[in-house]
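These notes concern the structure reproduced below.
Atoms considered below: every heavy atom in the structure, side chains included; atoms not considered: hydrogens, waters and symmetry mates. Order of appearance sets the numbers: ligands from 1, and atoms from 1 within every ligand.
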Amino acid sequence: MSVFAQPDFASHEQVVFAADAATGLKAILAIHDTRRGPALGGCRYWAYGDEDAAIRDALRLSHGMTYKAAVADLPLGGGKSVILAPPGGDPGAKPDGLMAAMGRAVDRLGGRYIIAEDVGTSPADMAEIARETGHVVGLAPEDGGRGDPSPVTARGIFAGLRAAVAYRTGKDDLTGLTVAVQGLGHVGRALCGLLHEAGAGLVVTDLREAAVAEAVESLGARAADPHAILSEPVDVLAPCALGAVIDDTSVARLRAGIVAGAANNQLAEARHGLALRERGILYAPDYVLNAGGLIHVAADHFRHDADWVAGRLDGIAATLTEIFRRADRDGVATSAAADRLAEDRLREADAAALAA
Ligand code: NAD
């Protein structure tokens, strides 16, 4: 398929194809929108089946970053990059110089795109990129960065989850509520800790049995089967593992009144946002709720302090409440209300640019 025919291409400002013969680099750097600021987004290292799949991923993900940054009210736009890994390529064993070549490709964009880590890339990769360009975030503390964003993401999820409970029940208190957490990775486990401290009961699952055993032991969580977690009779379901968990089958089986978790792209299709609404389930749109990671790297880029981060995490809760209200007022899915808020903010950026 031609790039221009890709459904996600139309709104992109710039898409760059970068290659480096010496290292075998083949990369796509997609800048979706810079009206609100430079395009920040992670770099995925992935063995795509074909080039179309890589282009589609870069376009789709960069578009999503624009919306995430706009709703989080950060002075950032949306971008994303993908490096085409060889089939079976081990993310831990990239060719020598590959990330430096990627750094030069980023540098040639003159700051319109700021790169960060994503699936298949690491803080060490960002350190290699940083030798070639200043337009990089997500370095380890020993390299001058702020390290893993996951604890901050978890704090944002927690704040948003509480706002969802307050909106639904009028109670700003999680004591006695039960939350099912799918996925006990970096974010899911940290979220469980915060929920436990706040007095919530936990039902947990993971493909890693040791992670489940640890949560049962240290947090008094109840273990659930990975196949059954979505239909657990709980107050809140927090998907913190995979995307596309909300589909026709799971919508019908859900027994939670609220869905609020970290995973990106939880709705298999946009229409599932409405399906949740029709079932009376309050959905906290994923990219609104999981913006803590972006807030963390934005703080790194703009040199903001911990108070600024805390304020922005509180902002997640306030924005979500506003989205819930707008969705109810307009009778639309919360996911649609979130998109509309992002689009309003992008139009405001246009208007401000015209007025300047
Ligand atoms: P992670 O890889 O550390 O954890 C994912 C966990 O999910 C792993 O423990 C894995 O074993 C488990 N898992 C995978 N498939 C599963 C299944 N079918 N059933 C149960 N468990 C399963 O990832 P993470 O950094 O914790 O991120 C979790 C999600 O949140 C991802 O979707 C990620 O894109 C999203 N997210 C993460 C951040 C961040 O700061 N890390 C920010 C925004 C969004």
Quick one: does atom 23 (O) of ligand 1 have a protein heavy atom under 4.0 Å from it? no
Think K94 forms a cation-pi with Y45, using NZ or CZ under 6.0 Å from the six-ring centre and within 45 degrees of its axis? yes
side-chain contact (heavy atoms from CB on, under 4.5 Å) against Q182, all qualifying residues, sequence neighbours excluded: T205, I229, L230, P239, A241, V245
Is the contact between T153 and ligand 1 made by the side chain, the backbone, both, or neither, using heavy atoms and a 4.0 Å cut-off? side chain
Name the option, out of A262, A291, A154, that contains the heavy atom nearest to atom 35 (C) of ligand 1. A262
Under a 4.5 Å cut-off applied to non-hydrogen side-chain atoms, are V71 and E322 in contact? no
Look at the rings of H32 and Y67 and say which category their plane angle falls in: under 30° parallel, 30 to 60° tilted, over 60° perpendicular. tilted
Which residue owns the protein heavy atom closest to atom 32 (O) of ligand 1, what's the atom, and how far is it? A241 O, 3.1 Å
Any salt bridge between E232 and R222, counting N to O under 4.0 Å? yes
List the closest protein heavy-atom neighbour of atom 28 (C) of ligand 1: residue, atom name, distance to the nearest 0.1 Å. C240 O, 3.2 Å
Using modelled atom types and a 3.5 Å cut-off, is there a donor and acceptor pairing between side-chain atoms of H196 and backbone atoms of L219? yes
Is there at least one pair of N or O atoms, one from Q182 and one from ligand 1, spaced under 3.5 Å apart? no
Any heavy atom of S150 closer to ligand 1 than 4.0 angstrom? yes
For atom 34 (O) of ligand 1, find the nearest protein heavy atom and state the residue, atom name and distance (0.1 Å precision). N264 ND2, 3.0 Å
What's the shortest distance from atom 37 (C) of ligand 1 to any protein heavy atom, and which residue and atom give it? V187 CG2, 3.9 Å
Which protein heavy atom lies closest to atom 4 (O) of ligand 1, and at what distance to 0.1 Å? G185 CA, 3.2 Å
Just need the protein heavy atom nearest to atom 25 (O) of ligand 1, so name the residue and atom and give the distance. H186 CB, 3.8 Å
Within-cut-off N or O pair, L242 and ligand 1, under 3.5 Å: no
Does R312 use its side chain to pair, donor to acceptor, with the backbone of G292 at less than 3.5 Å? no
So, do C192 and L184 sit near enough that their side-chain heavy atoms are less than 4.5 Å apart? yes
Using distance alone, determine whether K68 and ligand 1 share an N or O pair under 3.5 Å. no
Any Lys/Arg nitrogen of D33 or R36 sitting under 4.0 Å from an Asp/Glu carboxylate oxygen of the other? no
Are any of the side-chain nitrogens in R277 or D328 under 4.0 Å away from the carboxylate oxygens of its partner? yes
Test item: protein heavy atom less than 4.0 Å from atom 2 (O) of ligand 1: no
protein heavy-atom neighbour closest to atom 9 (O) of ligand 1 works out as D206 OD2, 2.6 Å
Please determine if R168 and D235 form a salt bridge, counting it only when a charged side-chain N lies under 4.0 Å from a carboxylate O. no
Does N290 reach ligand 1 with a nitrogen or oxygen that is under 3.5 Å from one of the ligand's nitrogen or oxygen atoms? no
Could you tell me whether some N/O pair between T205 and ligand 1 is separated by less than 3.5 angstrom? no
